[in-house]
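Down below is the structure, laid out as structure tokens.
Numbers here simply count residues along the sequence, with the first being 1. Start at 1 and go down the list; that is how both ligands and their atoms are numbered.
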Amino acid sequence: MGSACKDEREEVIQAWYMDDSNEDQRLPHHRDPKEFVSLEKLAELGILSWRLDADNYETDEALKKIRESRGYSYVDFCDIRPEKLPNYEEKIKSFFEEHLHTDEEIRYCVAGSGYFDVRDKNDAWIRVWVKKGGMIVLPAGIYHRFTLDSDNYIKAMRLFVGDPIWTPFNRPHDDLPARKEYLETFVEKGDTVDAAA
Ligand code: KMT
Ligand code: NI
């Protein structure tokens, strides 16, 4: 009952507040009790998401429309698993360093799964679990990090507007225009309404 109303994205993208234990980064790190975060709340942080048909990404009209409307001209794939990725342990460590980018980070999981951790408006970690068929956009300037989950495998399409710039700026990088714009657009908006009265 009621399941017809469920957002189909929730089958492949789930988010929750993290605990603060230092256990293995690949574990879920739920709080006790669990505190899930809605996709609407992620949207308030500037995070967009879709559910797509990962078995047919080569011909998928829905993906084509997203790429056209958002200008995602570039695509490649990254395949992250111990056997495939050179310097695997080193890369896993660097993905998990908190950082931001001056452009969107756009990832479409076509196989496997992984955790994209993002900071909320109060600087708490939200863990965003993306599974096969889930596509997310992290806005420019949001602090975030990535880890595999305990299945140790993701194949993700990486998209970009024009020539890709993957440079991570490890925290703190609060003086970058992209950071300031992020805060103005998603964190400080609305705060001045009362003060202006
Ligand atoms: C990133 O930017 O952290 C990555 O590209 C990680 C792999 S994408 C699933
Ligand atoms: Ni990143």
Side-chain angles (χ1 to χ4, degrees), residues 9 12-15 18 24-29 42 45-52 54-55 57 63 66-67 70 72-120 123 125-183 185-187:
R9 292 176 297 172
V12 292
I13 302 170
Q14 281 147 26
M18 295 184 75
D24 184 350
Q25 68 191 52
R26 293 171 170 86
L27 294 174
H29 286 271
L42 293 185
L45 298 174
I47 298 164
L48 308 178
S49 58
W50 294 269
R51 185 195 183 150
L52 296 171
D55 290 321
Y57 60 79
L63 174 61
I66 295 167
R67 290 187 57 190
R70 299 192 61 82
Y72 299 153
S73 50
Y74 176 94
V75 279
D76 69 10
F77 289 90
C78 72
D79 192 319
I80 308 182
R81 49 184 143 164
E83 325 82 80
K84 265 254 176 151
L85 188 72
N87 305 319
Y88 169 82
E89 284 300 337
E90 212 174 284
K91 291 235 173 78
I92 287 293
K93 273 208 194 92
S94 78
F95 293 150
F96 203 60
E97 293 277 332
E98 182 173 3
H99 65 274
L100 60 75
H101 306 281
T102 53
D103 298 276
E104 293 177 343
E105 178 166 318
I106 311 144
R107 298 289 185 272
Y108 172 19
C109 176
V110 299
S113 52
Y115 294 130
F116 294 84
D117 298 340
V118 299
R119 292 284 192 182
D120 83 350
D123 226 25
W125 281 119
I126 296 173
R127 175 147 273 193
V128 184
W129 193 22
V130 182
K131 295 185 273 187
K132 180 179 174 180
M135 174 165 167
I136 62 165
V137 175
L138 307 184
I142 194 171
Y143 281 119
H144 66 279
R145 64 189 180 190
F146 173 81
T147 182
L148 290 175
D149 60 29
S150 43
D151 286 349
N152 279 319
Y153 173 52
I154 193 168
K155 181 178 176 186
M157 184 187 286
R158 303 193 295 183
L159 301 96
F160 207 86
V161 179
D163 293 333
I165 304 164
W166 309 122
T167 316
F169 293 93
N170 285 353
R171 191 169 183 173
H173 257 99
D174 298 330
D175 293 333
L176 287 175
R179 179 62 187 164
K180 291 183 177 164
E181 280 157 30
Y182 177 75
L183 291 175
T185 308
F186 294 106
V187 179

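- The cationic group of Arg119 does not satisfy the cation-pi geometry with Tyr143, failing either the under 6.0 Å distance to the six-membered ring centre or the 45° limit from the ring axis.
- In terms of protein heavy-atom proximity, atom 6 (C) of ligand 1 is closest to Phe146 CD2, 3.6 Å.
- With the Ni ion (ligand 2) at the apex, His144 NE2 and His101 NE2 define an angle of roughly 100° (rounded to 10 degrees).
- Remark: the backbone N or O of Pro86 is paired with a side-chain donor or acceptor of Lys91 at under 3.5 angstrom.
- Taking the Ni ion (ligand 2) as reference, Glu105 places its N/O/S atom OE1 nearest.
- Within the 4.0 Å heavy-atom shell around ligand 1 one finds Cys78.
- Between the side chain of Arg158 and the backbone N or O of Arg107, no donor-acceptor pair lies under 3.5 Å.
- Within the 3.5 Å criterion, the main-chain N or O of Asp24 finds a donor-acceptor partner in the side chain of His29.
- One option in Glu105, Arg158, Glu97, Arg107 has a heavy atom closer to atom 5 (O) of ligand 1 than any other, and that option is Arg107.
- Between Phe116 and ligand 1 there is a heavy-atom distance shorter than 4.0 Å.
- Between the side chain of Tyr57 and the main chain of Tyr108, no donor-acceptor pair closer than 3.5 Å is present.
- Here the side chain of His99 pairs no donor or acceptor atom with the backbone of Arg171 at under 3.5 angstrom.
- Within ligand 1, counting atoms from 1 as listed, the ones closer than 4.0 Å to a heavy atom of Ala156 are 9 (C).
- Ranking protein heavy atoms by distance to atom 7 (C) of ligand 1, first place goes to Ile80 CD1, 3.3 Å.
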